[in-house]
Amino acid sequence: QSDPIKLLQQVKLGRMKPGDAGLRAVVEAWIGTYDKTLATAGLTQAALRRIDPAPRLAVLVESGVLVPEHPSLVSLQSTFTRVLAEAPAE
């Protein structure tokens, strides 16, 4: 599974554009994997905070790869918030 954050160097160097279809595919696959990870049973609030997708999503938005209202981004943020609220403290 590729990490879209690592591909941002290619955007900075001009080898890829923020809207590049390949980069979009990697981002969507990464978001899907994150969704599956959040569905893992037994994650505590502490564990979830360590894998909070917000910092990476912010970098993708700042770089122009995603817009803040992108459906997958909004869905992942909502899922994370819900799962975190439902997770046991320890």
Side-chain angles (χ1 to χ4, degrees):
Q1 186 75 44
S2 294
D3 182 350
I5 301 301
K6 292 178 182 176
L7 293 176
L8 291 181
Q9 183 66 21
Q10 300 301 314
V11 173
K12 290 178 185 176
L13 294 172
R15 295 180 186 156
M16 287 181 125
K17 296 186 188 268
D20 183 270
L23 181 56
R24 288 245 182 246
V26 169
V27 169
E28 289 296 332
W30 176 80
I31 289 173
T33 300
Y34 233 104
D35 270 330
K36 289 178 187 174
T37 301
L38 292 176
T40 303
L43 291 174
T44 63
Q45 289 180 356
L48 287 164
R49 284 190 184 97
R50 284 193 297 274
I51 63 168
D52 183 353
R56 287 175 175 262
L57 292 172
V59 169
L60 292 170
V61 169
E62 289 169 10
S63 66
V65 173
L66 289 175
V67 293
E69 58 277 349
H70 188 280
S72 295
L73 183 147
V74 172
S75 175
L76 180 59
Q77 289 174 321
S78 297
T79 299
F80 180 79
T81 301
R82 180 184 50 77
V83 170
L84 182 63
E86 295 171 354
E90 280 304 316

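One-based numbering along the sequence shown.
If you take CH2 on Trp30 and OG1 on Thr37, they are separated by 10.0 Å, rounding to the nearest 0.5 Å. To the nearest 0.5 Å, the span separating CD1 on Ile5 from OG on Ser63 amounts to 7.0 Å. Arg49 CZ to Phe80 CZ: the interatomic distance, rounded to the nearest 0.5 Å, is 8.0 Å. For the atom pair Leu8 CG and Glu62 CD, the distance stands at 10.0 Å (nearest 0.5 Å). Leu84 CG to Thr79 OG1: the interatomic distance, rounded to the nearest 0.5 Å, is 12.0 Å.
Judged by distance alone, with hydrogens and angles left aside, the side-chain atoms of Ser75 form no donor-acceptor pair with the main-chain N or O of Pro71 at under 3.5 Å. Between the Gln45 side chain and the Pro88 main chain, no donor and acceptor come within less than 3.5 Å of each other.
You'll find the side chain of Leu38 reaches within 4.5 Å of the side chain of Leu48, heavy atoms only. Here the side chains of Val83 and Leu43 are not in contact, with every heavy-atom distance at 4.5 Å or above. Looking only at side-chain heavy atoms (C-beta outward), Val67 and Val61 stay at 4.5 Å or farther from each other. Here the side chains of Ser72 and Leu76 are not in contact, with every heavy-atom distance at 4.5 Å or above. At a threshold of 4.5 Å between non-hydrogen side-chain atoms, the residues Lys17 and Val11 do not count as touching. Proximity of Val59 to Val65: side-chain heavy atoms (C-beta onward) are nowhere separated by under 4.5 Å. Using a 4.5 Å cut-off on side-chain heavy atoms (C-beta onward), Tyr34 and Ile51 make contact.
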### Task
Test Leu23 against Gln10 for side chain to side chain contact (heavy atoms under 4.5 Å, CB included), laying out the working first.
CA-CA 10 Å; Leu23 181 56; Gln10 300 301 314; over 6 Å; no
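When all heavy atoms of Pro18 and Gly64 are compared, the closest pair comes out as CB-O, 3.4 Å. Heavy atoms only, all atoms of each residue included: Pro4 and Val27 are closest at CB-CG2, 3.6 Å. Here the closest heavy-atom approach between residue Asp52 and residue Ala54 is recorded as OD1-N, 2.9 Å.
One finds no salt bridge joining Glu28 and Arg24 here, because no Lys/Arg side-chain nitrogen approaches an Asp/Glu carboxylate oxygen to under 4.0 Å.
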